[in-house]
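In this chain, residues are counted from 1 in sequence order.
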Amino acid sequence: TETVFGETTHGEIAVYDVRSGTLTRRFASGGLDPHQCLWCGGLLAVAHGGYIEFPNRSKPKQLDPLRPPNLAWLDAGSGQLRRADVLADPGLSIRHLAADGEAVFAGFQHEDGPAARASLLGYATPAQPLQPMTADATTWAAFNGYVGSVALDATGMQVIATSPKGGVLGIWDRRNLAFAGLRRQADVCGVAADEQGWVASSGFGVVMNAAAEVVRTGYAFDNHLAVI
(Lines give C-alpha, C1' and ligand atoms only; values in the text may rest on other atoms or scores of the structure.)
Protein backbone atom coordinates (compact mmCIF):
# COMPACT_ATOMS: atom_id res chain seq x y z
CA THR A 1 0.00 0.00 0.00
CA GLU A 2 1.20 3.51 -0.78
CA THR A 3 0.07 7.08 -0.22
CA VAL A 4 0.51 9.21 -3.34
CA PHE A 5 0.99 12.91 -2.68
CA GLY A 6 -0.23 15.53 -5.13
CA GLU A 7 -3.07 18.00 -5.64
CA THR A 8 -5.34 15.32 -4.19
CA THR A 9 -3.54 12.91 -1.88
CA HIS A 10 -4.83 9.36 -2.38
CA GLY A 11 -4.03 5.72 -1.73
CA GLU A 12 -2.80 3.12 -4.20
CA ILE A 13 -2.03 -0.58 -4.29
CA ALA A 14 1.32 -1.33 -5.93
CA VAL A 15 1.86 -4.87 -7.25
CA TYR A 16 5.39 -6.25 -7.61
CA ASP A 17 6.78 -9.40 -9.20
CA VAL A 18 8.19 -11.48 -6.33
CA ARG A 19 11.01 -12.91 -8.48
CA SER A 20 12.35 -9.76 -10.11
CA GLY A 21 11.10 -7.15 -7.63
CA THR A 22 9.77 -5.02 -10.49
CA LEU A 23 6.55 -3.03 -10.30
CA THR A 24 3.91 -4.61 -12.54
CA ARG A 25 0.80 -2.47 -11.96
CA ARG A 26 -0.89 0.07 -9.72
CA PHE A 27 -4.53 0.76 -8.90
CA ALA A 28 -6.53 2.87 -6.47
CA SER A 29 -6.79 1.45 -2.95
CA GLY A 30 -10.32 2.75 -2.36
CA GLY A 31 -9.53 5.32 0.31
CA LEU A 32 -7.08 7.66 2.01
CA ASP A 33 -4.02 6.59 4.00
CA PRO A 34 -3.95 2.85 3.14
CA HIS A 35 -2.17 0.70 5.69
CA GLN A 36 -2.46 -3.11 5.80
CA CYS A 37 -4.09 -5.26 3.12
CA LEU A 38 -5.03 -8.97 3.20
CA TRP A 39 -6.90 -11.51 1.08
CA CYS A 40 -10.33 -12.66 2.26
CA GLY A 41 -12.85 -14.67 0.25
CA GLY A 42 -11.18 -13.87 -3.06
CA LEU A 43 -11.18 -10.11 -2.43
CA LEU A 44 -8.44 -7.78 -1.24
CA ALA A 45 -9.40 -6.02 2.01
CA VAL A 46 -7.55 -2.73 2.59
CA ALA A 47 -7.47 -0.81 5.89
CA HIS A 48 -7.52 2.98 5.41
CA GLY A 49 -6.47 5.21 8.29
CA GLY A 50 -8.10 8.32 6.81
CA TYR A 51 -5.26 10.68 7.72
CA ILE A 52 -3.73 13.29 5.46
CA GLU A 53 0.01 13.13 6.02
CA PHE A 54 2.14 15.93 4.62
CA PRO A 55 5.51 15.34 2.87
CA ASN A 56 8.49 15.76 5.20
CA ARG A 57 5.99 16.13 8.08
CA SER A 58 5.65 19.81 7.26
CA LYS A 59 2.28 19.84 9.08
CA PRO A 60 0.72 17.53 11.69
CA LYS A 61 -1.32 14.71 10.16
CA GLN A 62 -5.08 15.14 10.34
CA LEU A 63 -8.21 13.14 9.59
CA ASP A 64 -9.99 14.18 6.39
CA PRO A 65 -13.73 14.57 7.17
CA LEU A 66 -14.61 14.21 3.48
CA ARG A 67 -12.73 10.91 3.11
CA PRO A 68 -13.19 9.06 6.40
CA PRO A 69 -11.32 5.89 7.37
CA ASN A 70 -12.72 2.78 5.70
CA LEU A 71 -12.21 -0.92 5.09
CA ALA A 72 -12.20 -1.24 1.30
CA TRP A 73 -12.98 -4.49 -0.55
CA LEU A 74 -11.33 -4.68 -3.96
CA ASP A 75 -11.38 -7.01 -6.90
CA ALA A 76 -7.61 -7.14 -7.34
CA GLY A 77 -7.89 -8.42 -10.91
CA SER A 78 -9.81 -5.40 -12.19
CA GLY A 79 -8.97 -2.97 -9.40
CA GLN A 80 -12.70 -2.34 -8.95
CA LEU A 81 -13.94 -1.19 -5.55
CA ARG A 82 -16.67 -3.60 -4.45
CA ARG A 83 -17.50 -2.00 -1.09
CA ALA A 84 -16.17 0.53 1.41
CA ASP A 85 -17.11 -0.01 5.07
CA VAL A 86 -17.17 3.19 7.16
CA LEU A 87 -17.55 3.19 10.94
CA ALA A 88 -20.09 5.40 12.72
CA ASP A 89 -17.38 7.00 14.92
CA PRO A 90 -15.39 9.45 12.73
CA GLY A 91 -12.51 9.46 15.22
CA LEU A 92 -11.60 5.82 14.57
CA SER A 93 -8.72 5.15 12.19
CA ILE A 94 -8.55 1.65 10.66
CA ARG A 95 -4.98 0.31 10.56
CA HIS A 96 -4.25 -3.36 11.21
CA LEU A 97 -5.89 -6.53 9.92
CA ALA A 98 -6.05 -10.28 10.41
CA ALA A 99 -8.06 -12.58 8.17
CA ASP A 100 -9.08 -16.15 7.52
CA GLY A 101 -10.97 -17.36 4.46
CA GLU A 102 -14.29 -16.07 5.75
CA ALA A 103 -13.75 -12.84 7.70
CA VAL A 104 -11.48 -9.88 8.40
CA PHE A 105 -10.71 -8.58 11.89
CA ALA A 106 -9.66 -4.94 11.97
CA GLY A 107 -7.82 -3.03 14.70
CA PHE A 108 -8.53 0.66 15.23
CA GLN A 109 -6.86 3.72 16.70
CA HIS A 110 -8.91 6.57 18.14
CA GLU A 111 -8.12 10.25 17.69
CA ASP A 112 -9.07 10.84 21.35
CA GLY A 113 -6.19 8.61 22.49
CA PRO A 114 -6.34 7.52 26.16
CA ALA A 115 -9.71 9.23 26.62
CA ALA A 116 -11.36 6.92 24.04
CA ARG A 117 -13.87 4.33 25.21
CA ALA A 118 -14.98 3.13 21.76
CA SER A 119 -14.58 -0.43 20.53
CA LEU A 120 -11.13 -0.79 18.94
CA LEU A 121 -11.71 -4.07 17.12
CA GLY A 122 -14.09 -4.84 14.26
CA TYR A 123 -15.37 -7.77 12.22
CA ALA A 124 -16.43 -7.93 8.57
CA THR A 125 -16.99 -10.48 5.79
CA PRO A 126 -17.27 -10.08 2.02
CA ALA A 127 -21.05 -10.09 2.56
CA GLN A 128 -21.30 -8.25 5.91
CA PRO A 129 -20.07 -4.67 6.51
CA LEU A 130 -17.62 -3.84 9.28
CA GLN A 131 -19.12 -3.92 12.77
CA PRO A 132 -17.48 -3.20 16.16
CA MET A 133 -16.75 -6.16 18.44
CA THR A 134 -17.75 -6.05 22.08
CA ALA A 135 -15.94 -5.70 25.40
CA ASP A 136 -16.80 -3.63 28.45
CA ALA A 137 -15.74 0.00 28.87
CA THR A 138 -13.01 -0.89 31.36
CA THR A 139 -11.39 -3.21 28.82
CA TRP A 140 -11.40 -0.63 26.05
CA ALA A 141 -10.04 1.99 28.45
CA ALA A 142 -7.06 -0.32 29.10
CA PHE A 143 -6.15 -0.13 25.39
CA ASN A 144 -5.54 3.65 25.65
CA GLY A 145 -7.27 4.26 22.32
CA TYR A 146 -4.79 2.19 20.31
CA VAL A 147 -4.52 -1.27 18.71
CA GLY A 148 -1.05 -2.01 17.33
CA SER A 149 -1.47 -5.52 15.86
CA VAL A 150 -4.18 -8.10 15.22
CA ALA A 151 -3.78 -11.87 14.65
CA LEU A 152 -5.66 -15.16 14.65
CA ASP A 153 -4.14 -17.95 16.73
CA ALA A 154 -2.95 -21.26 15.25
CA THR A 155 -6.34 -22.93 15.77
CA GLY A 156 -8.22 -20.08 14.14
CA MET A 157 -10.47 -20.00 17.21
CA GLN A 158 -9.05 -16.92 18.93
CA VAL A 159 -8.58 -13.33 17.78
CA ILE A 160 -5.75 -11.41 19.45
CA ALA A 161 -5.38 -7.62 19.58
CA THR A 162 -2.48 -5.81 21.24
CA SER A 163 -1.93 -2.29 22.56
CA PRO A 164 1.62 -1.10 23.26
CA LYS A 165 0.25 2.19 24.59
CA GLY A 166 -1.95 0.36 27.08
CA GLY A 167 0.42 -2.54 27.70
CA VAL A 168 -2.37 -5.08 27.13
CA LEU A 169 -3.23 -8.04 24.92
CA GLY A 170 -6.91 -8.86 24.43
CA ILE A 171 -8.38 -12.20 23.40
CA TRP A 172 -11.73 -12.77 21.67
CA ASP A 173 -13.50 -16.00 20.74
CA ARG A 174 -13.55 -16.37 16.94
CA ARG A 175 -16.76 -18.42 16.95
CA ASN A 176 -19.09 -16.08 18.84
CA LEU A 177 -16.93 -12.91 18.82
CA ALA A 178 -17.16 -12.64 22.62
CA PHE A 179 -14.39 -11.09 24.69
CA ALA A 180 -12.43 -13.85 26.45
CA GLY A 181 -9.70 -12.18 28.50
CA LEU A 182 -6.93 -9.62 28.94
CA ARG A 183 -3.23 -10.03 29.62
CA ARG A 184 -0.87 -7.27 30.66
CA GLN A 185 2.64 -6.75 29.35
CA ALA A 186 4.37 -3.38 29.00
CA ASP A 187 4.74 -2.20 25.38
CA VAL A 188 3.35 -5.44 23.88
CA CYS A 189 2.57 -5.07 20.17
CA GLY A 190 3.78 -7.81 17.80
CA VAL A 191 1.56 -10.91 17.68
CA ALA A 192 1.38 -13.95 15.40
CA ALA A 193 0.25 -17.58 15.40
CA ASP A 194 2.71 -20.29 16.50
CA GLU A 195 2.62 -23.90 17.71
CA GLN A 196 1.56 -22.80 21.21
CA GLY A 197 -1.41 -20.92 19.75
CA TRP A 198 0.06 -17.42 19.54
CA VAL A 199 3.24 -15.55 20.43
CA ALA A 200 3.61 -11.84 21.23
CA SER A 201 6.59 -9.50 21.57
CA SER A 202 7.26 -6.19 23.32
CA GLY A 203 9.48 -3.19 22.85
CA PHE A 204 11.29 -4.17 26.04
CA GLY A 205 12.43 -7.53 24.64
CA VAL A 206 9.78 -9.72 26.28
CA VAL A 207 8.31 -12.67 24.35
CA MET A 208 5.11 -14.26 25.74
CA ASN A 209 2.75 -16.95 24.47
CA ALA A 210 -0.67 -18.52 24.93
CA ALA A 211 0.75 -21.02 27.44
CA ALA A 212 1.68 -18.08 29.74
CA GLU A 213 5.40 -18.64 29.14
CA VAL A 214 7.45 -15.43 29.30
CA VAL A 215 11.04 -15.03 28.05
CA ARG A 216 13.15 -11.89 28.39
CA THR A 217 15.61 -11.33 25.55
CA GLY A 218 18.26 -8.74 24.82
CA TYR A 219 16.29 -7.33 21.90
CA ALA A 220 13.84 -4.45 21.54
CA PHE A 221 11.06 -5.61 19.22
CA ASP A 222 9.21 -3.32 16.82
CA ASN A 223 5.44 -3.21 16.27
CA HIS A 224 4.84 -6.32 14.14
CA LEU A 225 5.78 -9.98 14.25
CA ALA A 226 5.86 -12.83 11.72
CA VAL A 227 6.62 -16.46 12.50
CA ILE A 228 8.59 -18.33 9.82
Side-chain angles (χ1 to χ4, degrees), residues 1-16 23-40 43-76 78-99 104-124 126 129-133 140-141 143-150 161-166 187 189-190 203 222-224:
T1 61
E2 296 182 5
T3 293
V4 179
F5 298 102
E7 280 191 31
T8 303
T9 299
H10 64 281
E12 289 189 353
I13 302 295
V15 182
Y16 292 83
L23 178 68
T24 61
R25 59 189 291 245
R26 307 177 74 96
F27 53 91
S29 67
L32 179 65
D33 185 23
H35 208 70
Q36 191 169 3
C37 61
L38 290 174
W39 292 105
C40 180
L43 297 176
L44 187 65
V46 187
H48 290 95
Y51 279 95
I52 298 175
E53 297 197 38
F54 298 92
N56 301 318
R57 299 185 178 181
S58 56
K59 300 179 184 177
K61 67 179 183 179
Q62 60 191 45
L63 286 171
D64 184 345
L66 300 179
R67 291 182 291 170
N70 74 45
L71 179 66
W73 297 82
L74 304 175
D75 181 323
S78 65
Q80 180 182 1
L81 176 66
R82 294 288 187 87
R83 194 179 81 223
D85 299 342
V86 178
L87 293 165
D89 187 336
L92 286 170
S93 176
I94 306 171
R95 292 294 204 180
H96 304 294
L97 304 176
V104 166
F105 298 88
F108 312 142
Q109 300 170 18
H110 203 288
E111 198 173 30
D112 290 346
R117 296 296 182 269
S119 170
L120 297 175
L121 190 65
Y123 167 88
L130 185 63
Q131 298 291 328
M133 290 170 63
W140 291 128
F143 277 76
N144 270 5
Y146 188 96
V147 165
S149 289
V150 184
T162 63
S163 172
K165 293 188 177 183
D187 203 35
C189 195
D222 203 356
N223 288 353
H224 304 297

Side chain to side chain, Phe108 and Asp89, heavy atoms closer than 4.5 Å:
no
Ala99 versus Leu38, closest heavy-atom pair with distance:
N-CD1, 3.8 Å
Atom CZ in Phe5, atom CD1 in Ile52: separation rounded to 0.5 Å?
10.0 Å
Heavy atoms only: give me the nearest His110-Ala118 pair and the separation to one decimal.
CD2-CB, 3.9 Å
Tell me which one of Val46, Leu81, Val86 satisfies side-chain contact (heavy atoms from CB on, under 4.5 Å) with Asn70.
Val86
Take Ile94 and Asp85, measure what side-chain contact (heavy atoms from CB on, under 4.5 Å) needs, and give me the verdict at the end.
CA-CA 10 Å; Ile94 306 171; Asp85 299 342; over 6 Å; no
Give the intermediate values and the outcome of side-chain contact (heavy atoms from CB on, under 4.5 Å) for residues Val150 and Gln36.
CA-CA 11 Å; Val150 184; Gln36 191 169 3; over 6 Å; no
Just wondering, do Phe143 and Leu121 contact through their side chains at under 4.5 Å, heavy atoms?
no
Are the side chain of Ser93 and the backbone of Gly50 linked by a donor-acceptor contact shorter than 3.5 Å?
no
Asp64 and Asp33, any side-chain heavy atoms less than 4.5 Å apart:
no
Please work out which of the three classes, parallel, tilted or perpendicular, describes the rings of His35 and His96, given edges at 30° and 60°.
perpendicular
Nearest 0.5 Å please: distance from the OH atom of Tyr51 over to the CZ atom of Arg95.
7.0 Å
Close side-chain approach of Pro69 to Leu63, heavy-atom, < 4.5 Å
yes
Between His10 and Thr8, is there a donor-acceptor pair closer than 3.5 Å when you use the side chain of the first and the backbone of the second?
yes
Side chain proximity check, Glu12 to Ser29, heavy atoms < 4.5 angstrom
no
Measure the CZ-CG distance between Arg117 and Asp112 for me, rounded to the nearest 0.5 Å.
10.0 Å
Judged by atom type as modelled, is there a donor-acceptor pair below 3.5 Å linking the side chain of Ser149 to the main-chain atoms of Thr162?
no
Please assess Tyr146 against Gln109 for the test side-chain contact (heavy atoms from CB on, under 4.5 Å), listing each intermediate value before the final yes or no.
CA-CA 4 Å; Tyr146 188 96; Gln109 300 170 18; 3.4 Å; yes
Do Leu43 and Leu74 make a side-chain contact, defined as non-hydrogen atoms from C-beta onward lying under 4.5 Å apart?
no
Could you pull out the closest heavy-atom pair between Ala124 and Arg83, with the gap in Å?
CB-NH2, 4.5 Å
Atom CG in Leu130, atom CG in Leu87: separation rounded to 0.5 Å?
4.5 Å
Could you check whether any side-chain N or O of Asp222 sits under 3.5 Å from a backbone N or O of His224, counting only pairs where one atom can act as donor and the other as acceptor?
no
Drop me the distance from Asn144's CG to Lys165's NZ, to the nearest 0.5 angstrom.
8.5 Å
d(Leu71 CG, Cys37 SG) to nearest 0.5 Å is 11.0 Å
Donor-acceptor pair, side chain of Asp75 and main chain of Ser78, under 3.5 angstrom:
yes
Closest contact, heavy atoms only, Ala106 versus Leu97:
CB-CD2, 3.6 Å
Going through the distances and angles, do Tyr16 and Thr24 end up as a side-chain contact (heavy atoms from CB on, under 4.5 Å)?
CA-CA 5 Å; Tyr16 292 83; Thr24 61; 6.0 Å; no
